[in-house]
Amino acid sequence: MTESTTRSPSAMPDLARPDAHAVFMTYRYVADADQGRALLDEIADAWEKAERPKEILAFFCYLSTDGTTVMTYAQCTDSAVYRPFAGGLPAASARVEPIEFRLHRSVVLSPTAGPPNALVTALFDVDGAERQQRIVASVAENLERAPADEYTGLIASHFHLSVDGTRVINFAEWTSDEAHVVFLDGATRHSSLRITNDMPGVRPIGYRRYHLHRSIGS
């Protein structure tokens, strides 16, 4: 059974904030949830003790619901500041080389549904910038056409493109784990799978569901 938790809306990130020009993401595999929480605390502690440049707006630490993966997500106004700052942090766990992304498109489906209590990442390996933009357009339009009762609990999807042209990530905000589980068996999810599986130059890698562990910044 999936564990669901309730969190304060003020603790959650604004993934579509207009001043976040660049996003830096890292993820690592861990043995279990306890190790994951300890690793994220070590990273967050290092961030909190350092003097953060004003260009780094916010930093968020996530643990996957299956306890196997930790993820960090940093928002910056200037892409040049993140690596020098992170590279100087005292904890080696906080100096992992990130993947750099840009937010490309957000699809807001249920803005009044409530605070997001789960974040689901769907990752795609793609062949260049044209494929990045095409798969985002296709999946986003499929969501926008879907009947509302097929995505109950889906607040928004935020599509990010890696700057090297090799990755697309959909960061989907959900009201609960349970709502996402129901969606997995629905028609909209299956039509999205057909789109991604049938598009040349796009290879779906899978999804993972996360809960926010700690946040730093605004």
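Contact of the Leu143 side chain with the Leu154 side chain is registered, since non-hydrogen atoms from C-beta on lie closer than 4.5 Å. Taking 4.5 Å as the limit, every side-chain heavy atom of Leu40 sits out of range of all side-chain heavy atoms of Arg214. Side-chain contact between Ser110 and Tyr151 is present, with heavy atoms from C-beta onward closer than 4.5 Å. The closest side-chain heavy-atom distance from Met199 to Ser138 is below 4.5 Å. At least one side-chain heavy atom of Arg167 sits less than 4.5 Å from a side-chain heavy atom of Ile205.
Following chains of ILVMFWY side-chain contacts shorter than 4.5 Å, one can reach Val126 starting from Leu161, so the two form part of one hydrophobic cluster. In the hydrophobic clustering of this structure, Val136 groups with Val107; members are Ile, Leu, Val, Met, Phe, Trp, Tyr whose side-chain heavy atoms approach within less than 4.5 Å, directly or through other members. A continuous path of Ile, Leu, Val, Met, Phe, Trp and Tyr side chains, each step under 4.5 Å between heavy atoms, connects Leu212 with Val23, placing both in one hydrophobic cluster.
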For Thr121 and Met25, run side chain to side chain contact (heavy atoms under 4.5 Å, CB included): C-alpha distance rounded to whole Å, both residues' side-chain angles, the deciding distance at 0.1 Å, then the answer. CA-CA 12 Å; Thr121 64; Met25 175 191 147; 5.9 Å; no

Taking it one step at a time, do Leu15 and Leu103 satisfy side chain to side chain contact (heavy atoms under 4.5 Å, CB included)? CA-CA 8 Å; Leu15 296 180; Leu103 175 63; over 6 Å; no

Side chain to side chain contact (heavy atoms under 4.5 Å, CB included) for Asp19 and Leu57? Distances and angles first, verdict last. CA-CA 9 Å; Asp19 55 346; Leu57 301 169; 3.7 Å; yes

Determine, step by step, whether Arg189 and Glu150 satisfy the side chain to side chain contact (heavy atoms under 4.5 Å, CB included) criterion, reporting the C-alpha distance in whole Å, the side-chain angles of both residues, the deciding distance to 0.1 Å, and the verdict. CA-CA 9 Å; Arg189 195 258 179 155; Glu150 290 186 7; over 6 Å; no

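The aromatic rings of Tyr62 and Phe60 sit tilted relative to each other, their planes meeting at an angle between 30° and 60°. Under the 30°/60° scheme for interplanar angles, the aromatic rings of Phe24 and Tyr82 are found to lie parallel.
Residues Trp47 and Phe85 place their aromatic rings such that the two centres sit under 6.0 Å apart.
For the atom pair OG1 (Thr166) and CD1 (Ile99), the distance works out to 7.0 Å, reported to the nearest 0.5 Å.
Taking the charged nitrogens against the carboxylate oxygens, Arg105 and Glu144 do have a contact shorter than 4.0 Å, which makes a salt bridge.
Side chains of His158 and Ser106: a donor-acceptor N/O pair is present below 3.5 angstrom, by distance only.
Residue Arg203 is tested with Thr196, Asn197, Asp127 for a side-chain hydrogen bond (donor to acceptor under 3.5 Å, both in side chains); the sole match is Asp127. Remark: of the listed residues Phe171, Tyr210, Phe59, Phe101, Phe171 is the sole one forming a side-chain contact (heavy atoms from CB on, under 4.5 Å) with Tyr73.
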